[in-house]
Amino acid sequence: DNSVLYFPADEYTVTTQGTLLTISGLDNIGVVFEPGAVLKMDNLNGSNMGTGHAFEFRGPFDGLYIDGLNIVWTRPVDRGFGDGLRIDGPYSSQGPADTRTISNITVKNCRFKNTPQPGMVLMGCSDIQIEGIKLQDTWADGVHLNACRRFNISNIKGENVGDDNIGLVTYYSNNTSDYSSGRGFGPYTQPAINEWSNYQGTVSDLSSTGGSANGVRVSGSNNIVINNITAHGRKSAIEIDAGIAGGGYNWSYLASKNIRVANVVATNSSSGIHVNTFNVSLDNSSQANYYTFDVAISGVTVKNSNVDNILLQNCAGIKLSDVESIGKSSRFRGIENTHITNFKQTNGNFQVFGRNSTVDPDNVSNENNIQLDEIHIREGNILLQDIHDITGNSLSTFGSGSDGLSVVRCKNVSLQGMTVQDFHRRGFLVVQSHQVFVNGLKIVSRSAVGSPFSSIEVGGGNSFAISKEVSIQGAS
């Protein structure tokens, strides 16, 4: 106890297989690298795969100080076994122990390169400060937290990270024998979203370039504030997901609660923001814990994604505001209890689908409860489809290459203050929809383009699929 392992400026090379150093149960200890110190890990096996960690700490203990680690692996041929820094909390029948767990951890000014797995992993730990971390060419996550609480992560730079730059993941199981996957240590599952579900944390000032997966991923987490995230050439800047194991997914995650995200910039990624679930149906209320999120995202700029700039799939409980989307469409498919406000889209469409399958407005039961405010699209259209219960205020499109604003197979639609300008074909289109109420619709077109062309069209596919109870007032 009360000791520091100090590495003076020099080059240290490890050539034996296995983990370099494992420390268990010692309080108030530290590892410090002097500037200029570098640890070269060459512990690969004959197949050029990792065989162990650099530094591993196992609880219970109180007090760990890590400063200046500079760890570079000989590049493995594939993802394997070996973390730069691994900190494992103790196992109890309730998951990480509430007393004598690992607590009061500081990790700062570190660099991890070519790690066979994550740069650093913390599981079942409390009261954590992580800052000034550089991640390069890791095979898995850069920084990974599982079942931790009270943490602050800041000033992280990732280059070609092989998985999520920062992964905040707590797995789900209601079987106590699964809480530590039978290993006595992490990864941990939890029976609910609680104070060990990566609880009460902050993530700020992340720069992520190249590689795979996401800037920040949040799964099964609780009460987290994320701010000032930039990503280029990633899967997404922010991914928030949940779902049930199966069909290629190895773990289950409950929907995260009280997640607040602000100030995100994403360029040339698959998507900028991605919220989704897997193996879950919004029509199955018994699965509500998997799809009912509490997430608010604001201050987002996304440019030139490969798939969709903003993508919400099969989820509920999302608030999205103050978004600028450029160069690719944004899509919201299978959503409930979602509010989108102050959304500006340029050169791309804004598409909202209440369900993943075709809806019959005569027989639809579940309400989507979607609210749209201040949605403004240039060089694209607005499509509202297969939705029961949607409200829109101040919606506009300019320069659509097709219809301007379309309502397809929807029920209980209330739209106020719409402007459609310079469109092809139809300005405002209603198809097979019921109870559509519009107040304030302005159609502007300098020339008739496309065929058929009309300012307003209300219709159906046949005599059995018609639009009815449609009211349009204040149109010009």
Side-chain angles (χ1 to χ4, degrees), residues 276-277 280-285 291 308 310-316 318 320 329-340 343 345 348-373 375 377 380-393 395-397 400-416 418 420 423-439 441 443 450 452-473 475:
N276 72 298
T277 61
V280 169
S281 172
L282 269 66
D283 295 321
N284 186 346
S285 60
Y291 63 72
D308 296 287
I310 308 292
L311 180 58
L312 273 56
Q313 295 176 291
N314 216 38
C315 57
I318 311 299
L320 182 63
S329 295
S330 295
R331 187 158 49 103
F332 312 89
R333 190 175 190 92
I335 60 173
E336 288 183 354
N337 301 321
T338 294
H339 185 189
I340 303 172
F343 194 109
Q345 173 81 49
N349 301 320
F350 182 94
Q351 301 176 327
V352 183
F353 302 86
R355 285 291 183 268
N356 291 310
S357 57
T358 298
V359 168
D360 178 358
D362 277 326
N363 298 309
V364 65
S365 56
N366 293 345
E367 295 184 353
N368 294 102
N369 188 24
I370 299 169
Q371 183 171 345
L372 307 176
D373 295 308
I375 310 298
I377 313 302
N381 63 43
I382 295 176
L383 171 63
L384 311 178
Q385 181 172 310
D386 297 318
I387 301 168
H388 181 196
D389 191 12
I390 182 168
T391 300
N393 298 285
L395 313 182
S396 71
T397 70
S400 170
S402 58
D403 302 317
L405 195 156
S406 303
V407 178
V408 179
R409 292 190 302 271
C410 293
K411 181 178 181 180
N412 193 19
V413 180
S414 177
L415 304 175
Q416 297 190 54
M418 297 190 301
V420 179
F423 52 91
H424 291 220
R425 303 193 71 189
R426 284 79 54 111
F428 180 54
L429 173 66
V430 179
V431 177
Q432 300 177 16
S433 295
H434 302 175
Q435 300 173 6
V436 179
F437 304 99
V438 177
N439 184 13
L441 171 60
I443 305 288
F453 175 86
S454 59
S455 295
I456 299 173
E457 180 179 319
V458 179
N462 54 56
S463 60
F464 300 101
I466 63 174
S467 292
K468 59 186 179 181
E469 297 180 74
V470 177
S471 172
I472 301 174
Q473 300 179 10

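A salt bridge does not link Glu367 to Lys411: none of the charged nitrogens lies less than 4.0 Å from a carboxylate oxygen.
Each of Val458, Val407, Val413 was scored for a side chain to side chain contact (heavy atoms under 4.5 Å, CB included) with Val470, with one residue passing: Val458. For the pairing with Ile382, the side chain to side chain contact (heavy atoms under 4.5 Å, CB included) check across Asn349, Val352, Thr397 returns one residue only, Thr397.
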Kindly determine whether Asp403 and Asn381 satisfy side-chain hydrogen bond (donor to acceptor under 3.5 Å, both in side chains), including the steps that lead there. CA-CA 7 Å; Asp403 302 317; Asn381 63 43; over 6 Å; no
List the steps and the verdict of side chain to side chain contact (heavy atoms under 4.5 Å, CB included) for Ile472 and Leu441. CA-CA 8 Å; Ile472 301 174; Leu441 171 60; 4.1 Å; yes
Asn412/His388 under side chain to side chain contact (heavy atoms under 4.5 Å, CB included): CA gap, chis, key distance, verdict: CA-CA 6 Å; Asn412 193 19; His388 181 196; 4.1 Å; yes
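Expressed to the nearest 0.5 Å, how far CZ of Arg331 lies from CD of Gln313 amounts to 6.0 Å. In this structure, CG in Leu372 is found 10.5 Å from CG in Leu320, a value given to the nearest 0.5 Å. Summarising the geometry, atom CD1 belonging to Ile377 is positioned 7.0 Å from atom OG belonging to Ser396; distances are rounded to the nearest 0.5 Å. We find the CD-CD1 distance between Gln371 and Ile390 to be 9.5 Å, quoted to the nearest 0.5 Å. To the nearest 0.5 Å, atom CZ of residue Phe353 and atom CG of residue Leu384 are 9.5 Å apart. Expressed to the nearest 0.5 Å, how far OG of Ser454 lies from CZ of Arg425 amounts to 9.0 Å.
Not a single donor-acceptor pair under 3.5 Å links the side chain of Asn368 to the backbone N or O of Asp389. Ser467 contributes a side-chain N or O that, together with a main-chain N or O of Gly459, makes up a donor-acceptor pair within less than 3.5 Å. A donor-acceptor pair is defined here as one N or O able to donate and one able to accept, closer than 3.5 Å; such a pair exists between the side chain of His434 and the backbone of Ile466.
Residues Ser471 and Val436 form no side-chain contact, since every pair of their non-hydrogen atoms from C-beta on lies 4.5 Å or further apart. The shortest side-chain heavy-atom distance between Phe428 and Leu415 falls under the 4.5 Å cut-off. Asn369 places none of its side-chain heavy atoms less than 4.5 Å from the side chain of Glu336. Two residues are said to be in side-chain contact when any heavy atoms from C-beta on lie closer than 4.5 Å; Asp373 and His339 meet this criterion.
Shortest non-hydrogen contact noted between Asn314 and Thr277 is O-OG1, 2.6 Å. Shown here for Tyr291 and Leu282, the closest heavy-atom pair between the two residues is OH-O, 3.4 Å. Taking every heavy atom of both residues into account, Ile387 and Gln385 meet most closely at CG1-O, 3.1 Å. In terms of heavy atoms, Ile340 sits closest to Ile375 at O-CD1, 3.8 Å. Considering every non-hydrogen atom in both Gln345 and Gly348, the closest pair reads CG-O, 3.2 Å.
Note: Phe343 and Phe332 have perpendicular aromatic rings, judged against thresholds of 30 and 60 degrees for the angle between ring planes.
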